Amino acid sequence: MTKFMLISLLFINQTFATGFIPNSFSASFEQVYKSALTGKEKRSKGTMDYMYPGNIKLETSSPESLTYVSNDSKTWYYTPAFIESEPGQVTIQDATKNELTKFLDILRKGLLTNKLYKVSKNKTGEYFLEFSKTIVKDLGVEKAKLTFKKDTATFKNLKIVEMTLSNKKTKKLELSKIVEGPKFKKEHFVFKVPANTKINR
């Protein structure tokens with residue numbers, strides 16, 4: 001019995017350490033930014049596609065239509081025109097991962113304390129991550145709280161991610177309709193610029 005329990009514990013620890021963020025996923029999201037000074041909230045809704053390492057596609061539908069695509073070489077930020085006859089705009093830059101992409105890449109370390117962050121858990125099953133000084137400087141996030149829909153702390157059950165940024169603003173990401181392991185092609189994370197679009201570099 002003792003041997004069985006030890007093997008089970010090692011398996012659980014290994015799962016938390018390496019099996020939390022899948023290689024790819026898609027999800028719907030609602031994002032809330034809260035100002036540390038005014039307390040005002042800014043909300044957006046949309047869909048997210050992710051593939052490790054560093055590939056992400058965000059499409060917001062509210063309050064406005066925007067598309068953000070990034071891979072290991074390029075980043076596109078596209079705003080469609082309000083009027084069909086007018087041009088939309090896309091900004092193309094060398095790849096610069098935002099804090100969300102970096103956060104997801106780093107979180108593959110799992111829900112156990114490691115060199116990048118310390119992990120703690122409260123009685124209600126929420127997990128708290130405190131990042132090292134090096135990661136805070138690179139990531140722009142000081143700490144995070146993960147809330148799950150059920151008792152099992154799996155990515156499929158992840159409900160809310162709350163991040164405290166280094167500028168003291170907070171970002172809350174509410175996830176739903178999570179699909180693990182979709183087979184994305186590399187082209188999925190390359191933005192195809194529509195006709196009648198002004199390109200900024």
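Given the structure is predicted, the values throughout are model-derived calculations rather than measurements. FYI, side chains are in, hydrogens and waters are out, and symmetry mates aren't considered; it's all heavy atoms of this structure.
Here the side chains of Pro63 and Ser44 are in contact, with some heavy-atom distance below 4.5 Å. The shortest side-chain heavy-atom distance between Arg43 and Glu41 falls under the 4.5 Å cut-off. Between Phe148 and Ile160 there is no side-chain heavy-atom pair separated by less than 4.5 Å. Between Met163 and Phe103 there is a side-chain heavy-atom pair separated by less than 4.5 Å. Counting heavy atoms from C-beta on, the side chains of Thr197 and Pro87 never come closer than 4.5 Å.
Side-chain atoms of Asn55 come within 3.5 Å of backbone N or O of Pro53 as a donor-acceptor pair. The backbone N or O of Tyr52 sits nowhere less than 3.5 Å from a side-chain atom of Asn23 that would complete a donor-acceptor pair. Remark: side-chain polar atoms of Thr164 are not paired, donor with acceptor, to backbone N or O of Thr170 under 3.5 angstrom. A donor-acceptor contact shorter than 3.5 Å is absent between the side chain of Ser166 and the backbone of Val141. Panel note: side chain Lys102, backbone Asp138; a donor-acceptor pair is recorded below 3.5 Å. A donor-acceptor pair under 3.5 Å is formed between the side chain of Thr60 and the backbone N or O of Glu64. Counting only distance, with no hydrogens or angles, the side chain of Asn200 and the backbone of Ile92 share no donor-acceptor pair below 3.5 Å. Within the 3.5 Å criterion, the main-chain N or O of Leu112 finds a donor-acceptor partner in the side chain of Asn114.
The shortest non-hydrogen separation linking Thr75 to Ala95 is OG1-CA, 3.5 Å. The heavy-atom pair separating Thr147 from Leu158 by the smallest distance is O-CD1, 3.7 Å. Scanning both residues, Tyr127 and Val119, for their nearest heavy atoms gives CD2-CG1, 3.8 Å. Contact record, Pro22 with Phe155: CD-CD2, 3.6 Å, taken as the closest heavy-atom pair.
Rounding to the nearest 0.5 Å places OH of Tyr68 at 14.0 Å from CD of Glu59. One finds the OG atom of Ser176 at 10.5 Å from the NZ atom of Lys159 (value rounded to the nearest 0.5 Å). Here the straight-line distance linking atom NZ of Lys115 with atom OG of Ser132 works out to 11.0 Å at 0.5 Å rounding. Within the model, atoms CG of Asp94 and CG of Asp72 stand 11.5 Å from one another, a figure rounded to the nearest 0.5 Å. Atom-to-atom distance recorded for Phe189:CZ and Ser73:OG is 13.0 Å, nearest 0.5 angstrom. In this structure, Phe191 CZ and Asn71 CG are separated by 13.0 Å, a value rounded to the nearest 0.5 Å.
Tyr77 OH: 12 or fewer foreign heavy atoms inside a 6.0 Å radius. Within 6.0 Å of NZ in Lys172 there are more than 12 heavy atoms belonging to other residues, nucleotides or ligands. By the 6.0 Å contact criterion, NZ on Lys45 is open, its count of non-hydrogen atoms from other residues, nucleotides or ligands being 12 or less.
With salt bridges taken as basic N to acidic carboxylate O contacts below 4.0 Å, one links Glu142 and Lys168.
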Taking it one step at a time, do Tyr50 and Lys57 satisfy side-chain contact (heavy atoms from CB on, under 4.5 Å)?
-> CA-CA 7 Å; Tyr50 167 84; Lys57 182 176 184 179; over 6 Å; no
List the steps, then state whether side-chain contact (heavy atoms from CB on, under 4.5 Å) holds for Lys118 with Leu129.
-> CA-CA 6 Å; Lys118 294 180 181 179; Leu129 281 58; over 6 Å; no
Could you go step by step and tell me if Glu126 and Lys121 meet the salt bridge (Lys or Arg N to Asp or Glu O under 4.0 Å) rule?
-> CA-CA 6 Å; Glu126 294 174 319; Lys121 178 186 175 183; over 6 Å; no
Taking it one step at a time, do Arg201 and Gln93 satisfy side-chain contact (heavy atoms from CB on, under 4.5 Å)?
-> CA-CA 6 Å; Arg201 296 183 185 271; Gln93 298 176 327; over 6 Å; no
Going through the distances and angles, do Leu139 and Ile106 end up as a side-chain contact (heavy atoms from CB on, under 4.5 Å)?
-> CA-CA 9 Å; Leu139 183 63; Ile106 289 173; 4.3 Å; yes
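Cation-pi geometry between Arg108 and Phe20 is not satisfied (NZ or CZ under 6.0 Å from the ring centre, within 45° of the ring normal).
Linking ILVMFWY side-chain heavy atoms closer than 4.5 Å, directly or via other members, places Met51 and Leu173 in two distinct hydrophobic clusters. A continuous path of ILVMFWY side-chain contacts below 4.5 Å connects Leu116 to Leu104, so both sit in one hydrophobic cluster. The hydrophobic cluster containing Leu107 also contains Phe131, counting ILVMFWY residues as joined when their side-chain heavy atoms lie under 4.5 angstrom apart, directly or transitively. Residue Leu100 is not grouped with residue Tyr78 when hydrophobic side chains (ILVMFWY) are merged at heavy-atom distances under 4.5 angstrom, including chains of intermediate members. The cluster map of Ile, Leu, Val, Met, Phe, Trp and Tyr, joined by side-chain heavy atoms under 4.5 Å apart, puts Leu58 and Leu175 in the same cluster.
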Under 3.5 Å, side-chain donor or acceptor atoms of residues 177-185 against the rest of the protein: list the pairs with distances, not counting sequence neighbours.
none

